[in-house]
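Below, all heavy atoms of this structure are taken into account, side chains as well, without hydrogens, waters or symmetry copies. This is a predicted model, so every value here is computed, not measured. Quick note on labels: first sequence line is chain A, next is B, and so on, each numbered from 1.
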There are 4 protein chains.
Amino acid sequence: MMSSESARVAAPESAKRAQIIEGARRCFLASGFEAASMAEIAREAKVSKGTLYVYFDSKEALFSALVEQSRRASVERLMDFDYEHANVRDALVHFATGLIGKLSAPEHVALVRMVIGASEKFPGVARDYFEAGPAHGAARLAGYLREQERLGMVSIPDIETAAWQFFGMCHHPTLISVLLAARPAPDGERVRILAETAVTTFLAAYATKR
Amino acid sequence: MMSSESARVAAPESAKRAQIIEGARRCFLASGFEAASMAEIAREAKVSKGTLYVYFDSKEALFSALVEQSRRASVERLMDFDYEHANVRDALVHFATGLIGKLSAPEHVALVRMVIGASEKFPGVARDYFEAGPAHGAARLAGYLREQERLGMVSIPDIETAAWQFFGMCHHPTLISVLLAARPAPDGERVRILAETAVTTFLAAYATKR
Amino acid sequence: MMSSESARVAAPESAKRAQIIEGARRCFLASGFEAASMAEIAREAKVSKGTLYVYFDSKEALFSALVEQSRRASVERLMDFDYEHANVRDALVHFATGLIGKLSAPEHVALVRMVIGASEKFPGVARDYFEAGPAHGAARLAGYLREQERLGMVSIPDIETAAWQFFGMCHHPTLISVLLAARPAPDGERVRILAETAVTTFLAAYATKR
Amino acid sequence: MMSSESARVAAPESAKRAQIIEGARRCFLASGFEAASMAEIAREAKVSKGTLYVYFDSKEALFSALVEQSRRASVERLMDFDYEHANVRDALVHFATGLIGKLSAPEHVALVRMVIGASEKFPGVARDYFEAGPAHGAARLAGYLREQERLGMVSIPDIETAAWQFFGMCHHPTLISVLLAARPAPDGERVRILAETAVTTFLAAYATKR
DNA sequence: AATGAATGAGTGTTCATTCAT
DNA sequence: CATGAATGAACACTCATTCAT
């Protein structure tokens with residue numbers, strides 16, 4: 001027991017590091033990379049400014065670490081695909097509902113805003129976010145659609161483009177509203193409408209008639 | 001003589017003012033609000049730092065003026081709708097083609113990135129941009145669709161949502177790629193494919209069979 | 001009158017720059033490069049910290065400018081050789097007297113101390129100082145001795161070495177005392193003794209008997 | 001057992017202490033007092049930063065201890081005078097050769113540079129170095145010369161000054177070159193020339209004719 | 001109107017030092 | 001005794017803004 005405690009000490013990334021990233025998240029999300037100050041982050045994380053530099057080499061390094069961690073967390077949450085549905089429509093509606101709800105949540109939109117705002121200074125960070133997020137999501141959806149096509153459920157000439165456009169139908173209206181106009185995240189009912197409308201439009205074009 | 005002097009003062013859209021905004025555009029677009037410096041802007045605009053403050057009260061004011069002017073310019077260019085098409089499909093394809101091409105142009109994406117990056121500090125500016133840009137565009141499209149519905153060409157239960165989702169299909173894939181991953185703007189062929197696929201999907205769901 | 005005033009303004013290196021270097025001199029000489037702070041220099045020069053950076057790119061640049069100016073000033077003062085003496089002995093005594101007096105002055109020793117202290121970080125600055133100061137001085141003396149040898153007044157097998165060692169006899173005892181032990185600069189009487197003893201020793205070895 | 005433990009504590013010149021001073025030497029000599037950091041010293045000495053403060057109260061104390069130890073070591077090595085020579089000339093040449101060689105060695109010059117660089121902040125340390133080094137050396141040489149005068153080998157009106165100037169002839173040319181211009185230490189042949197020239201000059205003035 | 005010299009509050013970062021373990 | 005995590009006061013440097021000319 002004692003030893004399990006000291007074992008944790010042996011992994012120094014654990015407590016303080018997380019605490020700092022948490023403070024950094026609040027500041028960077030609220031103000032963007034440039035406008036957030038290390039002093040503010042230190043205050044928010046309840047550590048001294050010096051401690052920041054014990055765990056991270058620079059403001060840039062702290063920012064990158066924050067984005068990477070956020071990306072890993074949100075990708076995991078977003079991309080769990082439930083294949084176990086009776087039919088394509090239900091599967092897509094279920095998927096779209098989860099997608100819109102999560103992607104429109106204020107904390108996710110703030111992350112996107114922060115990454116976009118920093119993409120001129122951190123092109124690598126933004127590109128990583130793109131690859132692990134939207135690009136990976138579209139690829140996952142394309143994979144599912146390809147599977148359904150093999151099963152004869154849909155017929156889609158250009159699956160990649162179709163997947164991206166499905167994302168666009170789901171994501172764009174709320175993303176752009178929350179991102180730019182600080183509109184409140186859509187409520188459950190609105191999410192349902194968006195999801196169902198998107199799926200209906202999509203399947204009208206691509207579902208095999210039977 | 002005296003009066004012609006004061007007349008110039010009275011018209012704040014002088015050549016100098018435009019020249020300053022032009023310098024500000026280059027700097028703000030390239031670096032974002034925080035990272036761009038007034039000294040850099042003065043150099044780029046070939047005026048002294050003091051002159052900046054003759055025409056604008058502060059860095060914030062200069063930024064707002066720049067966004068407002070850019071918004072007016074791009075809204076005008078983007079929203080010219082050509083109603084004179086033989087049929088809905090041709091009209092939408094033509095519209096979507098122009099939309100995707102213009103919205104994916106690097107200078108437009110840079111503007112969006114800048115506005116998004118500054119939206120935490122300038123919520124009003126971002127909201128104005130949203131209202132005059134995406135929201136106005138969706139409203140224009142909705143108006144056109146309503147017209148076509150009255151003509152019996154389409155049947156759309158939720159026109160607002162449909163318009164937004166049409167925008168999403170067109171805009172989202174390239175916007176997000178260029179914004180985050182610095183992908184090059186799509187070439188003409190890719191634009192055509194995106195436009196036609198979007199219109200096909202859209203009309204599969206909403207065109208009246210006849 | 002008015003115009004001569006504005007003419008001075010046209011040369012912006014003039015007043016403020018000199019004022020800053022003067023403040024820098026006081027601080028750098030008193031504390032060395034590392035220990036002197038830009039805030040302290042600004043205070044001493046009675047300008048703001050920002051103004052320092054209007055005239056000099058960095059602390060390093062300010063330091064280099066100071067050393068260069070000091071070097072030019074002291075080299076000029078030190079190396080005026082009076083050839084118009086009745087005989088070699090009088091010429092050397094006169095030269096040595098001036099040399100010891102000036103090189104042992106606290107302000108010169110402080111400069112040497114500062115340059116030596118910074119020579120690890122600024123090897124180029126120290127080397128420049130060496131070339132323009134000691135090395136140039138030894139070369140000047142060697143030139144004079146060569147001239148006297150041609151006139152048959154002295155006979156010196158290795159003139160370069162002899163010149164350096166003459167400098168050593170004159171300079172070393174007081175330099176090292178003032179440099180390390182903060183001994184007061186030698187008074188006129190002591191300077192005279194050092195000069196005459198050095199010259200006597202030197203000429204005992206090199207003067208041609210006649 | 002208990003007592004042997006405390007005995008070790010009572011002797012602060014433990015292995016650790018020496019190890020720390022050795023690390024400090026490398027850092028302080030290479031960078032000077034201000035530029036060397038305690039973290040760097042700890043790393044170089046392979047101990048933790050905390051341990052530094054177990055053995056030394058402060059950075060200043062560590063520096064002083066280092067200089068004191070270095071002084072003791074180099075004084076011992078430098079000042080061993082070999083009286084057992086057939087004549088004054090051989091004795092002085094032998095002495096001068098050893099002196100120049102040792103004083104021009106990079107490690108000694110680095111020590112002198114460090115002490116000079118720190119002499120404004122540590123006047124006591126520099127003065128101690130002066131007294132135990134140059135001043136003590138000149139006194140030793142003066143003692144030897146006094147002895148030789150009593151034996152009738154030389155005749156020197158001002159022995160103290162003569163001793164200092166002999167040091168100057170030997171030491172100054174190489175010291176100043178290596179100190180300021182980072183010239184390489186003189187090779188054996190050059191050392192021999194400097195020594196013999198200095199002795200010849202010296203004895204031309206002071207040796208009794210016989 | 002236009003300048004550009006001057007400012008000082010603010011930035012990211014370092015580092016000697018302390019202290020709980 | 002030895003550690004290394006944590007600190008906070010200092011540092012060099014930047015920049016939006018002002019003002020005498």
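Rounded to a whole Å, the CD1 atom of A:I20 is 11 Å from the C1' atom of F:dA5. Summarising the geometry, the separation between NZ on B:K46 and P on E:dA1 is reported as 23 Å, rounded to the nearest angstrom. When the P atom of F:dA12 is taken as reference, atom CD1 of C:I41 falls 8 Å away, rounded to whole Å. For C:R43 and E:dT7, the CZ to C1' distance is 16 Å, given to the nearest whole Å. F:dA5 atom C1' lies 14 Å from atom CG of A:L52, rounded to whole Å.
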Query - Base versus backbone protein contacts along nucleotides 14-21 of chain F [heavy-atom cut-off under 4.0 Å; B, S, -] - result: BBBBB---
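Panel note: side chain D:R113, backbone C:S119; no donor-acceptor pair is recorded below 3.5 Å. For the pair C:T51 (side chain) and C:V47 (backbone), a donor-acceptor distance under 3.5 Å is absent. Panel note: side chain A:E34, backbone B:A35; no donor-acceptor pair is recorded below 3.5 Å. Distance alone, capped at 3.5 Å, places no donor-acceptor pair between the B:E120 side chain and the A:S31 backbone. Side chain of D:Q69 to main chain of D:L66: no donor-acceptor pair is present (N/O by atom type, distance under 3.5 Å, no hydrogens or angles).
Note on A:E60 versus A:K121: salt bridge recorded, some NZ/NE/NH1/NH2 to OD/OE distance being below 4.0 Å. A salt bridge is absent between B:E40 and B:R43; no separation between the charged side-chain nitrogens and carboxylate oxygens falls under 4.0 Å.
Contact annotation: A:K16 does not reach the phosphate of F:dA5 (side-chain N/O to OP1 or OP2, under 4.0 Å). For F:dA2, the OP1/OP2 oxygens have a side-chain nitrogen or oxygen of D:Y55 closer than 4.0 Å.
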Report summary line: Writing each nucleotide of DNA chain E 5' to 3' as (, ), [, ], | or . by Watson-Crick or G-U pairing under 3.5 Å yields .||||||||||||||||||||
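D:A65 and D:F56 get closest at one heavy-atom pair: CB-CE2, 3.6 Å.
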